[in-house]
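Working notes, beginning with the structure itself.
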Amino acid sequence: MTTTDPSRADLSERSIRTIRNALLEWYDRNRRDLPWRKRDDAYGIWLSEIMLQQTRVETVIPYYERFLAAYPTIEGLAAADLDDVLARWSGLGYYRRARALHETARIVVREHGGRFPRDPQEVLALPGVGRYTAGAISSIAHGIPEPIVDGNVIRILARWLRLGADTKPARYWDLAARLVPDDRPGDFNQAMMELGATVCTPRSPSCETCPVRGDCAAAAAGDPEAYPVVAKRGENVAETSTLVVVRRNGRLLLTRSQARPLMKDLWEFPTCPSEGNRSDEASRLVRKGYGRRFEPRTALPEIRHSIMNRRILLRPVLGVIDRGPITPADPAEETRWILPSRLEDYPTGGIAKKVVRALARL
DNA sequence: CAGGCGTGGGC
DNA sequence: TGCCCAAGCCT
């Protein structure tokens, strides 16, 4: 039995061997049945890793299934329009990933003959693929003993060794590189993440069921939740916007602008800062922004949305407008009339999805 | 390189 | 409710 010194700050060779064995054995018995674990091809693994960046497993699963149904091969993805790819990504967030995904598919077809590269350095060079994702693809799809460091690995290592806030990424990468075995590197890396996701959780970790509890200094000291030390986040900012749902002939007015700094490929409902009467603000927005007269009809229930540390309260107004062309004051802005039932074919952000849900409840 | 980037869920 | 995220990447 290993005795743990709470002040220990490194992994011995013996610890590494016992950890590898215990973790792999535990993983074989406890691994969740996830869609990407049915696959061993680089395309399927790569797609899952891009989607899983900063995104929960339960959220990713339906998107992953739909994506693979639409694009069974990387050639199909490469041949698709970016708008279709973005539409299938709508609601998943971090839309830069979708653009990188599409671009990578085209690079693989154009520069690698449709075969996903096997060299970890070439994988790392692909857009949207950083050190973590390259390591995950190389180990899981290609069986190459490349380390990974993600939030789970950091948390586990920080607890095992009671690493403080001053621990630099290089230290985690060095530890991960020493841990990953030549045999079953992909399963080992997934076992680390699985342990972090289901046992060694940020709060209320299940130390009593942990297969590597004997090697954990934080468990021995009784303070696992104190690790890792996380930096404080910035203050939240609250804002209120009026959102205009303009209806004409059963269609809704959507807009997008290449001049927008953010989400410029996505279609959204027109919005403006809200300070007073939302019907008046909606009318002013439509008149000044699109040169038409707006008739407010219904104030829809308020929608709360949060983007990073911005908490947005949206006050939607449903109304109609007079006949005639829409002429955006902003030359970089496009507008389009879209049937609510077809909105899912368009790339939209999360706010538009919530508006559509609110309309469906009317 | 610190900070920006989306979202839905857990507590 | 308000806060903290969750299999990071890019500039």
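If you're wondering where the values come from, they're calculated on a predicted model, not measured in any experiment. Labels below follow one simple rule: chain letters A, B, ... track the order of the sequence lines, proteins then strands, and each chain is numbered from 1.
Residue-level contact check: A:Gly196 touches neither bases nor backbone, having no heavy atom under 4.0 Å from any strand. Residue contacts shown for A:Asn236 are limited to sugar-phosphate atoms, with no base heavy atom under 4.0 Å away. Residue contacts shown for A:Ser48 are absent, as no nucleic acid heavy atom lies under 4.0 Å away. At a threshold of 4.0 angstrom between heavy atoms, the contacts of A:Leu92 include nucleobase atoms, whether or not backbone atoms are also involved. Within the nucleic acid shown, A:Thr55 comes within 4.0 Å of at least one base atom, counting heavy atoms only. Across all strands shown, A:Met51 has no heavy atoms under 4.0 Å from either base or sugar-phosphate atoms. Across all strands shown, A:Val129 has heavy atoms under 4.0 Å from sugar-phosphate atoms exclusively, and none from any base.
For DNA chain B, none of the residues of residues 21-41 of chain A falls under the heavy-atom distance limit of 4.0 Å.
Between the side chain of A:Arg159 and the backbone N or O of A:Ala218, no donor-acceptor pair lies under 3.5 Å. Proximity of a side-chain donor or acceptor of A:Ser138 to a complementary backbone N or O of A:Ala136 within less than 3.5 Å is not detected.
Exactly one residue among A:Arg184, A:Arg31, A:Arg37 makes a side-chain hydrogen bond (donor to acceptor under 3.5 Å, both in side chains) with A:Gln190. That residue is A:Arg37.
Not a single donor-acceptor contact under 3.5 angstrom links the side-chain atoms of A:Arg203 to the base of C:dC4.
Picking from C:dG8, B:dG8, B:dT7 the nucleotide with the shortest atom distance to the side chain of A:Tyr94 gives C:dG8. Listed nucleotides: C:dA6, C:dG8, B:dT7. Nearest to the side chain of A:Ile307: B:dT7. For A:Gln54, whose side chain is taken as the heavy atoms from C-beta onward, the closest listed nucleotide among B:dG6, C:dG2, B:dG9 is B:dG6. With distances taken from any side-chain atom of A:Lys354 to the nucleotides B:dG6, B:dG8, C:dC9, the minimum falls on B:dG8. Residue A:His305 has its side chain nearest to B:dG8 when only B:dG8, B:dG4, C:dA6 are considered.
No more than 12 heavy-atom neighbours from other residues, nucleotides or ligands sit within 6.0 angstrom of CZ on A:Arg115.
Rounded to whole angstrom, the span from the OH atom of A:Tyr95 across to the P atom of B:dG8 amounts to 8 Å. Here B:dC5 presents its P atom at 13 Å from CZ of A:Arg260, a figure rounded to the nearest Å. Atom pair A:Asn309:CG and C:dC3:C1' shows a separation of 12 Å (rounding to whole Å applied). One atom, CH2 of A:Trp89, and another, P of B:dC5, lie 18 Å apart when rounded to the nearest Å.
For the ring pair (Phe, Tyr, Trp, His ring centres under 6.0 Å) test, residues two or more places apart in sequence or in another chain that qualify with A:Tyr64 are A:Trp36.
With hydrogens and angles left out, the side-chain atoms of A:Glu49 and A:Thr133 include no donor and acceptor closer than 3.5 Å.
A salt bridge between A:Arg20 and A:Asp183 is absent, with no side-chain N of the basic residue lying under 4.0 Å from a carboxylate O of the acidic one. In this structure, A:Arg178 pairs ionically with A:Asp10, as a charged nitrogen and a carboxylate oxygen lie closer than 4.0 Å.
Taking the P atoms as reference points, C:dG2 lies 23 Å from B:dG6, given to the whole Å. B:dC5 and B:dC1: their C1' atoms are spaced 16 Å apart (whole Å).
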